[in-house]
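Just below is one structure, and these are the notes that go with it.
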Number of protein chains: 2
Amino acid sequence: MTTSQLADLANQVQSYGTSGLREQKRAVVRQALSRAALDLALQRGLERVLVPDIAARAGVSPRTFNNYFASKEEAVVAPAFDRIARILAAFRERSSAEPLWTSITEAIVSQFRPGDSEGGNALRHARLISDSPALWVEQLRAYAAIEVLLADAIAQRLGVATDEDLFPRLVAAMAISASRVAFEHWLSGDRDETFTTMLSRALDQVGGAFPAQPGHRAR
Amino acid sequence: MTTSQLADLANQVQSYGTSGLREQKRAVVRQALSRAALDLALQRGLERVLVPDIAARAGVSPRTFNNYFASKEEAVVAPAFDRIARILAAFRERSSAEPLWTSITEAIVSQFRPGDSEGGNALRHARLISDSPALWVEQLRAYAAIEVLLADAIAQRLGVATDEDLFPRLVAAMAISASRVAFEHWLSGDRDETFTTMLSRALDQVGGAFPAQPGHRAR
DNA sequence: GCAGATAATTGCGTGGCACGCACTCTGTCG
DNA sequence: CGACAGAGTGCGTGCCACGCAATTATCTGC
C-alpha cells in the first residue's frame, strides 16, 4: 500500500473539521445520499438501484452524487468509515498507562455497545453488505483504512515510526482481523450470544500474542 | 461473508482439474490474457490499458476476455489466486503431527522461497498492484479468498466445523494478515532484509497467541 | 469414428457508470 | 458590498460488464 493510497483511504474518514454553513450543508447532503442509497438498497437490492435513483431520493442531481461518492457501493458503506473515526477517537482517549491491547479492545468494543444503534436496521445493513460482493469488497477497504490509521495511532503512542517498525501495523492488523472474523462469524451463525461478547472473545484470544507494554521486540 | 461469496472467491482459485484438451486450452488462454494484461499495465499503467488491447495481445476477441475475467484488474491479479492454490496444497501436505502454526508458516513461506520467481518481474508486478487502488482492492479479495480456504483446511485438520468454532477462521486470518503486513512493509521499505525473513518474523511474532495443538479453546 | 451433447468464441447490442468541462449559484471574508 | 472560492448541475464522452444468439470446437458413448 502506497502513500497515495493511504491518503485516499484516510480522506474518506469523516474529518468533522470546520463547522461553517458550507461544511455543514455538505455533511447533510452526504448523509442524505448515504441514507438514500442504503434505504433503496434495502428494499430493492443494490443491483436494482441506479445512481440517479439515489440522487433523486436525496433531492440532488445525479452528477452531484459523484462529487461525494465514487460509486453507489461507497455510499452504502460510508457509515463504516464514520465508525472508524469513532473507534480511533476512543482509542486516543484511552490512557497510555493501560496495556496497549486493552486500549485497542475497549476502543473497538465500545463502538458496538450502544445496543445495535438505530434499531434493527443495523443488522439489515450488515447483512446487505455481506451478501453483496460489491459491497463486501467496499467494506474491505474500510477495514484496510482503519488498520492503517489505528497502526499510526499505536505507533504514536509507542513512540516508534511505522515505516521502521512493523509492530504497530501487526498489532492493528490482528485487532481488525479478529473483529472482522468475529463479525462475519456472528452474522452467519445463530447468534445465541451477543456480538460484543463474541467480539471480546476473539480479541482476547488473539491478544495473547502481544506483550502488554512497549517492551515489544519487532526489529 | 455469505456462502455464495465463498463460492465466488473459491472458484477463482485454479482447480487444475481434468487435463482434457478443453481445460488445457482454457488454461492457456487464461494465462495469455493475464500475462497480456500484466505486460501492458507494466509498460503503460493500467489506466491506459483498454480491455480490447489485452484481448488483442492475447489473440482473442474482446468479448472473450469477459468469459475469463470480470475486469482487467482481476486479470492482473490472477497470479495471486494461483499462488493461493499452491499455499493450500503445501499446507495440506504437511504432517498433522507438527504444530499447526508451523505448518501454516512453512506452507506460506515455502511459496516465496524460489527466489522471486520469474526474474525481477515479480517485484514490478507487486509494485504495480500496490500502487494502483483498483488492483490493490482486487488483491484484498485474494487475501480474503485464501483466508477462507485456509480456515477450511485448518478446520478439517482439527476436526471442527468452521460455522461452529471460530478458531480456524481466527488462526487463518492472523496468518494471512501477518503475511500481508509483512509484504506491504517490505515493499515500502528499503528492504535491507529479504522478504522471506521479514515474513517469517511477522508470522513468528503472531503465532505466540495460539496453542500449538488442537487443545484450543474457542467456544 | 461418428453423431449428438456440451462448451467456448465471437459479434452485436444495451444499460450503466465515472468523470471532465463549463456554467451558475451560494456562502465566505476582508 | 464586492470579489473569490467552492459546491451544484447539465451535457457529453469513453469505457465497461454482460445478455443473447449464432458459430465453431471438443467431448462422450456407442
Taking 4.0 Å as the cut-off, does a side-chain nitrogen or oxygen of Tyr68(A) come that near to OP1 or OP2 on dG8(D)? yes
Length of the line joining Arg26(A):CZ and dA5(D):P, which is rounded to integer Å: 18 Å
Would you mind reading off the distance between Arg30(A) atom CZ and dA7(D) atom P, rounded to a whole angstrom? 13 Å
Report the C-alpha distance between Leu199(A) and Phe183(A) in whole Å, list the side-chain angles of each, state the deciding distance to 0.1 Å, and finish with yes or no for side chain to side chain contact (heavy atoms under 4.5 Å, CB included). CA-CA 7 Å; Leu199(A) 180 59; Phe183(A) 184 62; over 6 Å; no
Summarise how protein sits on nucleotides 22-30 of chain C as a single string, 5' to 3': B when a protein heavy atom is under 4.0 Å from the base, S for sugar-phosphate-only contact, - for no contact. ----BBS--
At less than 4.0 Å, is any side-chain N or O atom of Ser61(A) found next to OP1 or OP2 of dG8(D)? Yes or no. no
Quick check: closest heavy atoms across Trp186(A) and Glu193(A), and the distance to 0.1 Å? NE1-O, 3.4 Å
Atom pair distance, as rounded to whole Å: CG in Asn67(B) and C1' in dA21(D): 14 Å
Arg26(A)/Glu23(A) salt bridge by N-O under 4.0 Å criterion: no
Compare every heavy atom of His125(B) with every heavy atom of Val76(B), then report the nearest pair and how far apart it is. O-NE2, 3.1 Å
Can you give me the closest heavy-atom contact between His185(A) and Asp163(B), atom names plus distance? NE2-O, 3.6 Å
What is the distance, to the nearest angstrom, from the CD atom on Gln24(B) to the P atom on dC27(D)? 9 Å
Atom-pair distance (CG on Leu46(A); P on dG15(C)), nearest Å: 19 Å
Would you say the side chain of Leu40(A) lies within less than 4.5 Å of the side chain of Lys72(A), judging by non-hydrogen atoms? no
Readout for nucleotides 15-20 of chain D: B = base within 4.0 Å of protein heavy atom, S = sugar-phosphate only, - = neither; 5' to 3' it is SSSBBB
Is there a side-chain contact between Val148(B) and Thr162(B), using heavy atoms and a 4.5 Å cut-off? no
Could you tell me which non-hydrogen atom of Met174(B) sits nearest to which non-hydrogen atom of Ser177(A), and how far apart they are? CE-CB, 3.8 Å
Write down the atom of Ala175(A), the atom of Leu203(A), and the distance for their closest heavy-atom approach. O-CD2, 3.6 Å
Please round to 10 degrees the angle between the axis of the first five pairs and the axis of the last five pairs in the helix from dG1(C)-dC30(D) to dG30(C)-dC1(D). 40°
Salt bridge (Lys or Arg N to Asp or Glu O under 4.0 Å) evaluation trace for Glu147(A) with Arg180(B): CA-CA 12 Å; Glu147(A) 180 182 310; Arg180(B) 177 172 50 79; 2.9 Å; yes
Can you tell whether the side chains of Glu73(A) and Arg141(A) come within less than 4.0 Å, N to carboxylate O? no
